[in-house]
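Single-structure report; data block below.
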There are 2 protein chains.
Amino acid sequence: MKYSKQREMIIRTLDGNTSHPTADAVYEELRKELPNISLGTVYRNLKQLAEQGEIRSLNGLDGKTHYDYNVEQHYHFICRKCNKVYDVSKTVAQNIKTEVFGQTGLEVEDCDIILKGLCRNCQKQQ
Amino acid sequence: MKYSKQREMIIRTLDGNTSHPTADAVYEELRKELPNISLGTVYRNLKQLAEQGEIRSLNGLDGKTHYDYNVEQHYHFICRKCNKVYDVSKTVAQNIKTEVFGQTGLEVEDCDIILKGLCRNCQKQQ
DNA sequence: TACAATAATAGTAATCATTACTAGATTTTA
DNA sequence: TAAAATCTAGTAATGATTACTATTATTGTA
């Protein structure tokens, strides 16, 4: 992989961003600094970085793919009212791989848990 | 909701089908009996039925939305080799709602668990 | 049974997220 | 510094899904 300024900025945009942005959100953010950056470049780099395990892609939240700089195993909660995405510690389903293998013989390599409901803020406003 | 033959056939196609088909797969299946059925009709009905809780829609498996006649809480495993979707009992993450609420205060209304890996058949052939 | 009101359908066009393509620009290697 | 390799911007294409519309089917009622 060859260096490019665009890729570096894409990674920097994700790092320190806890909002789990989509490709389009990263693009809009980057345009402020790099007005000529192409949406295709953002999509291509995010996809590649995820394939190499440098970042993590999240599906099933809504229609779109979201990206996460945090590649540690953890799960996600999306609020049905404000659509904000929260991280959830993997301790809530600690032994899922061994449990599934024990019960079914299916060999789990990857696990996504997607939780939906009301976040604390939106609970209050109810 | 008014009766229609098309909707009845869509439900019947899902019932007794354990393969978690996409809208397009249901359409292809139905065309054998109802050659003039429209793809849009299949999409519209599956979406409505899922909104009413009569069937369940599954996202995050691959790019497409899959449908499941089984609305009982349970989870899914997709084989990365043969792409077959398997049901997994909810007992593997029994108390996830209360655990998440206890740890984070997030009020979980719905939980999807998507597991990826190798099914038993594909393990053997390895 | 007939009739109007309502909702569904087939078929096609439109939309949205994402990927593919291409000529030209950058980075790397020797 | 020049050739080889990879990247980018910009645009076109793709694929899943939804919207639209004229027509048809279902349903409640006289």
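Letters go in sequence order (proteins before strands), and every chain restarts at 1.
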**OP:** Please check the phosphate of D/dT8 (OP1 and OP2 only) for any side-chain N or O of A/S4 closer than 4.0 Å.
**Re:** yes
Original post:
Just how far, in rounded Å, is P of D/dA16 from NE2 of B/H66?
Top reply: 10 Å
**OP:** Verify the contact: side-chain N or O of B/T41 to OP1 or OP2 of C/dA10, cut-off strictly under 4.0 Å; return yes or no.
**Re:** yes
Original post:
So does A/Q6 get a side-chain nitrogen or oxygen closer than 4.0 Å to the phosphate oxygens (OP1/OP2) of C/dT26?
Top reply: no
Original post:
Taking only N and O in the side chain of A/N45, is any of them less than 4.0 Å away from OP1 or OP2 of D/dC7?
Top reply: no
Original post:
Quick one: does B/K64 reach the base of D/dA16 with a side-chain donor-acceptor pair under 3.5 Å?
Top reply: no
Original post:
What is the distance from atom CG of A/D68 to atom CG of A/L58, rounded to the nearest 0.5 Å?
Top reply: 5.5 Å
**OP:** Could you check which of D/dA16, C/dA17, D/dG10 has an atom nearest any side-chain atom of A/S38?
**Re:** D/dG10
Original post:
Just checking A/T65: base, sugar-phosphate only, or nothing, at a heavy-atom cut-off of under 4.0 Å?
Top reply: sugar-phosphate
Subject >> Under 3.5 Å side-chain donor-acceptor pair for A/D24 and A/T22 >> reply: no
Original post:
Given atom CE of A/M9 and atom C1' of D/dC7, what is their separation to the nearest angstrom?
Top reply: 16 Å
Original post:
With a 4.0 Å cut-off, would you call A/E28 and A/R31 a salt bridge?
Top reply: yes
Original post:
From C/dT19, C/dA10, D/dC7, pick the nucleotide closest to the side chain of B/I37?
Top reply: C/dA10
**OP:** Measure the distance from CD on A/Q52 to C1' on D/dT6 and round it to the nearest whole Å.
**Re:** 13 Å
Subject >> Any B/Y43 side-chain nitrogen or oxygen under 4.0 Å from OP1 or OP2 of D/dT18 >> reply: no
Original post:
Rounded to the Å, how far apart are A/N36 CG and C/dT26 P?
Top reply: 12 Å
**OP:** Using whole Å, report how far CD1 of A/I10 lies from C1' of D/dT8.
**Re:** 11 Å
**OP:** Indicate, with a heavy-atom threshold strictly under 4.0 Å, whether B/N59 touches base, sugar-phosphate, or nothing.
**Re:** nothing
Subject >> Whole-Å gap separating C1' (C/dA10) and NZ (B/K5) >> reply: 16 Å
Original post:
So, A/D110 and A/R56, do they make that salt bridge, N to O below 4.0 Å?
Top reply: yes
**OP:** Could you state the atom-to-atom distance from CG of B/D62 to P of D/dG15 in whole Å?
**Re:** 15 Å
Original post:
For C/dT19, does OP1 or OP2 lie under 4.0 Å from any side-chain N or O of A/K47?
Top reply: yes
**OP:** Check the distance between C/dA17's P and A/L39's CG and give it to me in whole angstrom.
**Re:** 10 Å
Subject >> Phosphate OP1/OP2 of C/dA8: any B/R7 side-chain N/O under 4.0 Å >> reply: yes
Original post:
Quick one: is A/R44 getting a side-chain N or O under 4.0 Å of the D/dT8 phosphate, OP1 or OP2?
Top reply: yes
Original post:
For B/D87 and B/H20, does a side-chain donor sit closer than 3.5 Å to a side-chain acceptor?
Top reply: yes
**OP:** Flag yes if more than 12 heavy atoms outside B/E72 fall under 6.0 Å of its CD atom; otherwise flag no.
**Re:** no
**OP:** Have a look at A/D24 and say if it touches a base, only the backbone sugar-phosphate, or nothing, with a 4.0 Å heavy-atom cut-off.
**Re:** nothing
